[in-house]
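See below for the structure under consideration.
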Amino acid sequence: MKTATGTRENIKVIEEYESGGLRVEVLEYEKLLGISNASMAQQVYFMEEQNIRVRQIALYLNREKVTIEKGAMSYFQGNIEMVSGVTLGNALGRFVRGAVTGEQMAQPEYTGTGLLVLEPSFRHFLVLELAPGESVIIDDGMFYCAQGSVSVRAVAQRNLSSAVAGGESLYQQQLTGPGIVILESVVPMSEIDVIDLYNDTLKVDGNFAVLRTASLDFTVERSAKTLIGSAVSGEGLVNVYRGTGQVWLAPTIKVYKTLEAAHALGISNTKNMNMNTSNS
């Protein structure tokens with residue numbers, strides 16, 4: 001079978017995963033060699049020095065099926081067929097559910113044997129393998145691809161007021177295994193703190209938890225027992241996770257958003273900009 005790197009010399013495989021009939025490669029371009037503009041070349045040079053590189057996902061299917069984010073396909077080769085997942089029987093239901101939840105009406109499904117390569121991106125890719133029955137809830141916009149055995153669906157927050165106060169969407173995507181899941185992330189895995197809870201409680205000041213085990217109970221509560229205590233602490237409301245499972249925290253998300261805002265405003269000093277991730 002053709003490899004995703006092909007004849008290109010400036011691309012390498014940085015991660016590799018395999019489950020059932022699916023093999024996943026995370027590709028990375030070592031340099032962008034086609035730039036002819038001096039100003040852009042200077043910008044890309046500093047981007048590469050900071051490990052801001054173009055990455056790409058390659059999927060090798062062996063009588064396998066994958067579900068990908070709409071618009072993520074770059075090219076595919078081999079005996080692979082694409083279906084929308086929408087039929088005359090479920091079209092209306094999907095349309096109504098999408099209007100309520102924001103869920104895409106159709107996420108393309110590719111099935112067969114061959115090579116499927118997804119679009120290049122400057123973002124980071126997080127790859128995890130879910131065990132049978134293992135279920136996680138992910139942050140908005142993170143879903144990129146999943147093995148066909150993984151269930152992908154939108155679920156409502158258990159507590160409406162907590163969703164609003166906690167800065168979370170009313171509906172989030174829940175992924176249930178078994179199989180490989182690929183997420184697109186602003187931050188690399190090296191900046192994500194994976195916290196294991198064993199019948200424990202985690203309180204977070206802000207909405208920078210990018211993934212959590214679906215069995216965990218999520219609420220929004222005051223940081224102190226009294227209103228006066230919360231006011232004195234300066235924290236106000238906190239997102240609370242209770243039970244047994246995992247929470248993935250990415251505290252640097254707000255830092256990057258602040259830097260992007262400063263760049264857009266032409267501000268070189270971020271000293272007086274708000275880094276608080278909380279909506280309280």
Side-chain angles (χ1 to χ4, degrees), residues 1-34 48 51-86 104 106-136 138 141-153 173-190 192 194 210-211 248:
M1 183 187 298
K2 174 182 171 64
T3 64
T5 53
T7 59
R8 295 172 293 181
E9 298 178 354
N10 66 327
I11 190 170
K12 63 180 180 180
V13 178
I14 59 173
E15 295 178 58
E16 191 171 356
Y17 305 85
E18 190 166 352
S19 173
L22 176 66
R23 180 161 62 90
V24 176
E25 289 181 347
V26 182
L27 310 175
E28 184 177 87
Y29 290 78
E30 298 183 76
K31 286 186 176 295
L32 293 177
L33 302 174
E48 291 173 347
N51 197 36
I52 304 175
R53 300 175 187 273
V54 177
R55 299 177 183 89
Q56 207 165 7
I57 294 293
L59 306 168
Y60 298 86
L61 283 67
N62 182 13
R63 290 181 291 180
E64 183 61 271
K65 181 174 74 171
V66 293
T67 301
I68 70 172
E69 182 71 0
K70 186 177 180 181
M73 190 274 290
S74 180
Y75 64 92
F76 62 91
Q77 179 179 357
N79 187 23
I80 296 178
E81 294 183 355
M82 190 277 284
V83 294
S84 67
V86 178
Q104 290 186 5
Q107 287 177 313
E109 298 174 353
Y110 292 81
T111 182
T113 298
L115 169 64
L116 170 62
V117 181
L118 306 186
E119 290 285 353
S121 172
F122 275 112
R123 286 191 155 196
H124 301 274
F125 294 112
L126 312 179
V127 184
L128 61 152
E129 185 172 357
L130 299 175
E134 185 178 9
S135 188
V136 296
I138 60 174
M142 290 189 70
F143 177 78
Y144 197 62
C145 176
Q147 195 167 1
S149 53
V150 175
S151 168
V152 182
R153 67 189 186 99
Q173 280 189 308
Q174 181 171 331
L175 311 175
T176 304
I180 291 177
V181 171
I182 302 170
L183 307 178
E184 195 176 28
S185 173
V186 175
V187 301
M189 194 66 204
S190 59
I192 293 178
V194 178
V210 296
L211 178 150
W248 290 17

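Everything numeric here is computed off the predicted structure, so don't read it as measured data.
- Judged purely by distance below 3.5 Å, without hydrogens or angles, the side chains of T176 and S151 never pair a donor atom with an acceptor atom.
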TODO: Apply side-chain contact (heavy atoms from CB on, under 4.5 Å) to the pair L61 and T111, showing each step before the final yes or no.
DONE: CA-CA 8 Å; L61 283 67; T111 182; 5.8 Å; no
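- For the pair M73/Y110, a side-chain contact is recorded, criterion being any heavy-atom separation below 4.5 Å from C-beta on.
- Separating the CZ atom in R55 from the CD atom in E28 is a distance of 4.5 Å, to the nearest 0.5 Å.
- Counting heavy atoms from C-beta on, the side chains of V194 and M189 come closer than 4.5 Å.
- The neighbour count for R8 CZ, taken as heavy atoms of other residues, nucleotides or ligands under 6.0 Å away, is above 12.
- Minimum heavy-atom separation, C145 to V66: SG-CB, 4.3 Å.
- Put simply, the side chain of N10 gets close to the backbone of K31: a donor and an acceptor are under 3.5 Å apart.
- Taking CD1 from I138 and CG from L128, the interatomic distance works out to 9.0 Å, rounded to the nearest 0.5 Å.
- A distance of 7.0 Å separates OG1 in T5 from CD1 in I11, rounded to the nearest 0.5 Å.
- Between E16 and R23 there is a side-chain heavy-atom pair separated by less than 4.5 Å.
- Using a 4.5 Å heavy-atom cutoff, the side chains of E134 and P178 are not in contact.
- Within a 6.0 Å radius of CD in E81, no more than 12 heavy atoms belonging to other residues, nucleotides or ligands are found.
- Taking the side chain as every heavy atom from C-beta outward, V210 and L183 never approach each other to under 4.5 Å.
- Between L115 and A58, the shortest heavy-atom contact is CD1-CB, 4.3 Å.
- In this structure, CE on M142 lies 7.5 Å from CH2 on W248, to the nearest 0.5 angstrom.
- Applying the side chain to side chain donor-acceptor pair (under 3.5 Å) definition to pairs two or more places apart or across chains, those involving residues 114-125 are S121-E184.
- Atom CD of residue E25 and atom CD1 of residue I14 lie 11.0 Å apart, to the nearest 0.5 angstrom.
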TODO: Decide yes or no on side-chain contact (heavy atoms from CB on, under 4.5 Å) for L59 and L118, but give the supporting numbers first.
DONE: CA-CA 8 Å; L59 306 168; L118 306 186; 4.2 Å; yes
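- Side-chain contact between V152 and Q173 is present, with at least one heavy-atom pair separated by less than 4.5 Å.
- The aromatic rings of F125 and Y144 lie tilted to each other, with the angle between the two planes from 30° to 60°.
- Only one option out of I180, L130, V24 pairs with S19 in a side-chain contact (heavy atoms from CB on, under 4.5 Å); it is I180.
- Using a 4.5 Å heavy-atom cutoff, the side chains of V117 and I57 are not in contact.
- The nearest pair of heavy atoms linking V26 to V127 is CG2-CG2, 4.1 Å.
- To the nearest 0.5 Å, atoms CD1 (I182) and CD (E15) are separated by 10.0 Å.
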- [ ] Decide yes or no on side-chain contact (heavy atoms from CB on, under 4.5 Å) for T67 and V150, but give the supporting numbers first.
- [x] CA-CA 9 Å; T67 301; V150 175; over 6 Å; no
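- A donor-acceptor pair shorter than 3.5 Å can be found between the side chains of S135 and Q174.
- P120 and Q56 get closest at one heavy-atom pair: CD-NE2, 3.6 Å.
- Between R53 and E30 there is no salt bridge, since no side-chain N of the basic residue sits under 4.0 Å from a carboxylate O of the acidic one.
- Taking the side chain as every heavy atom from C-beta outward, Y60 and T3 approach each other to under 4.5 Å.
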Task: side-chain contact (heavy atoms from CB on, under 4.5 Å) between E64 and Q147, worked out - done: CA-CA 8 Å; E64 183 61 271; Q147 195 167 1; 2.9 Å; yes
